Amino acid sequence: MDKNQILRKLPPVEKLLEEPKLSNLENSISKSRLVAVLRDSIEEVRQDLIDSMKKGDIPEKSEEDLKRQVISISLNAISSYPYSFKPIVNATGIVLHTNLGRAPLPKEALERIVELSSSYSNLEYDISTGKRGERYDHVRKLLCDITGAQDALVVNNNAAAVLLCLSALAFGKEVIISRGQLVEIGGSFRIPDIMIQSGAQLVEVGTTNKTYIYDYEQAINDNTGLLLKVHTSNFKVVGFSAQVDNHELSCLGEKCNIPVMEDLGSGILVDLKPFGFPEEPTVKDSIKSGMDIVTFSGDKLLGGPQAGIIVGDGKLIEIIKNHPLTRAVRIDKMTLAALEVVLMFYKDEMYENIPTLYMLTKPMKIMEQDAMFLAKGLREKLGDKGTVHIIDDVSEAGGGSFPGHVMPTKAVEVSLKNMSAGELSRRLRNSSVPIIGRVRRDMLVLDVRTMNREDIYKTIEMVESLI
Ligand SMILES: *Cc1c(COP(=O)(O)O)cnc(C)c1O
């Protein structure tokens with residue numbers, strides 16, 4: 001056999017891309033990097049062949065042998081440097097899971113991100129005048145229409161929004177807050193620490209469980225810069241407790257000519273009470289009750305991208321916008337693109353298009369069907385190797401929203417004969433599409449509230465590959 005005949009046995013890249021072992025790696029490597037890795041691996045094997053032929057050996061390798069060798073070298077190269085950041089299946093039932101990326105975006109928002117970031121845009125350009133424009137203007141009208149506020153500003157996240165507002169409105173001044181609202185949100189965001197960072201001085205009033213309007217009134221002096229209300233997002237005080245209502249606080253602020261700000265945290269834009277959720281004031285309610293500034297997150301109950309949204313009084317927003325920190329915490333164009341799409345859904349009341357709202361209000365009938373579909377698929381793959389049951393369970397909103405409130409849901413419980421639930425959970429977590437469920441009483445529990453049909457298919461496929 002001559003040299004060229006042997007080298008012609010090397011597999012072409014296109015052929016390799018059809019190999020099952022290489023075709024489902026999109027979670028680990030980009031397509032172009034995969035092609036480059038395959039070319040390098042083929043080249044490595046080619047050099048091997050040439051080297052041994054130079055020494056006078058005639059390599060007796062079949063096409064199949066060479067293909068296997070190339071695949072093995074490629075998989076090695078890929079596994080030494082796979083993507084770190086990747087999609088996972090959230091089977092925990094916690095809709096806004098901060099560690100799992102909070103709100104998944106609507107498809108239309110993703111398409112808009114691609115469109116607006118793969119070309120130039122009018123990010124900071126006023127098309128009608130041909131002059132410099134402001135990035136904040138793209139969502140300003142929408143936010144004002146949805147919340148009833150005079151003006152709006154968006155920044156990187158809500159922690160930044162709170163820091164910015166305190167810095168701009170109360171630097172060197174006193175900020176009065178109820179002792180019951182000196183909260184830690186998680187990820188070391190603590191109101192007293194943020195206050196120090198902003199240069200404002202914290203003045204706590206009232207007690208942990210009760211604060212009255214006269215507590216605020218007595219603390220007001222010439223150096224008071226702001227009255228602050230913080231939503232106690234992630235815990236609930238039950239029993240003998242009282243906080244001052246927004247209207248009373250805003251009347252006091254108005255009387256003393258001191259702005260009143262509320263950090264709503266999650267900040268819902270629509271009332272979810274008809275879906276069985278507890279009473280929770282919307283951003284519009286807060287504005288209506290007289291709050292001068294309201295801040296909230298873009299990726300909590302709103303169901304949009306990570307962002308901090310500031311709405312309220314026009315003059316105060318102008319002061320905040322002109323503060324140097326605004327530039328340091330500004331929103332980026334991809335986020336802005338997604339935010340506009342999501343806010344447009346709110347304006348048009350197309351709530352079912354927002355995945356977070358859809359999952360929070362998912363009809364029981366759909367969850368029953370999804371659970372049956374998942375259970376059937378798993379039973380087929382497991383055969384007599386394990387058992388699968390559909391159970392009634394409860395899921396949570398998460399992300400510091402509706403603390404203590406649970407929603408009835410459907411889940412699928414899996415147990416294997418030859419593997420503990422802990423081990424099954426570990427393996428699923430480490431599979432090419434990580435599946436994150438919960439382990440309870442030595443069973444793996446998969447809550448379908450946070451899974452779509454695609455997630456269910458992937459879960460069945462991953463379980464099959466593990467047993
Ligand atoms: C979540 C939360 C924040 C922080 O918002 P991020 O968008 O995560 O930065 C601040 N305040 C309250 C009350 C919150 O619930």
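One-based numbering, in listed order, for ligands and for the atoms of each. Quick caveat: nothing in here was measured; it's all calculated off a predicted structure.
- Here is the list of ligand 1 atoms found below 4.0 Å of a heavy atom in Gly265: 12 (C), 13 (C), 14 (C), 15 (O).
- Polar contact check, His231 against ligand 1: no nitrogen or oxygen pair lies under 3.5 Å apart.
- What sits closest to atom 7 (O) of ligand 1 on the protein, heavy atoms only, is Ser297 OG, 2.6 Å.
- By the 4.0 Å heavy-atom criterion, Glu184 is excluded from the residues contacting ligand 1.
- Neither side chain, Ser241 nor Asn209, offers a donor N or O lying under 3.5 Å from an acceptor on the other.
- The closest protein non-hydrogen atom to atom 15 (O) of ligand 1 is Ser233 OG, 2.6 Å.
- With values rounded to the nearest 0.5 angstrom, Ile220 atom CD1 is found 5.0 Å from Ile176 atom CD1.
- For ligand 1, none of its N or O atoms has an N or O atom of Phe189 under 3.5 Å away.
- Proximity of Ile185 to ligand 1 is established by a heavy-atom distance of less than 4.0 Å.
- Side-chain contact annotation: Thr409 with Asp447, donor-acceptor N/O pair under 3.5 Å present.
- Each of the following atoms of ligand 1 lies closer than 4.0 Å to a heavy atom of Arg102: 6 (P), 7 (O), 8 (O).
- With respect to atom 11 (N) of ligand 1, the closest heavy atom belonging to the protein is Asp263 OD2, 2.6 Å.
- Distance from atom 3 (C) of ligand 1 to its nearest protein heavy atom, with residue and atom name: Asn158 ND2, 3.5 Å.
- Residues Asp263 and Thr295 have side chains that bring a donor and an acceptor to within less than 3.5 angstrom of each other.
- Judged by a 6.0 Å distance limit and a 45° cone about the ring axis, Arg132 is not positioned over the six-membered ring of Tyr125.
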| message | One pair to check against side chain to side chain contact (heavy atoms under 4.5 Å, CB included): Asp215 and Val244. What are the steps and the verdict? | response | CA-CA 10 Å; Asp215 291 322; Val244 172; over 6 Å; no
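- Scanning the protein heavy atoms around atom 14 (C) of ligand 1, the nearest turns out to be Lys300 NZ, 3.0 Å.
- In this pair, His405 and Phe277 present their aromatic rings tilted. The plane angle is within the 30 to 60° band.
- There is a side-chain donor-acceptor pair under 3.5 Å between Thr211 and Ser178.
- Scanning the protein for heavy atoms near atom 9 (O) of ligand 1, the closest one is Ala159 N, 2.8 Å.
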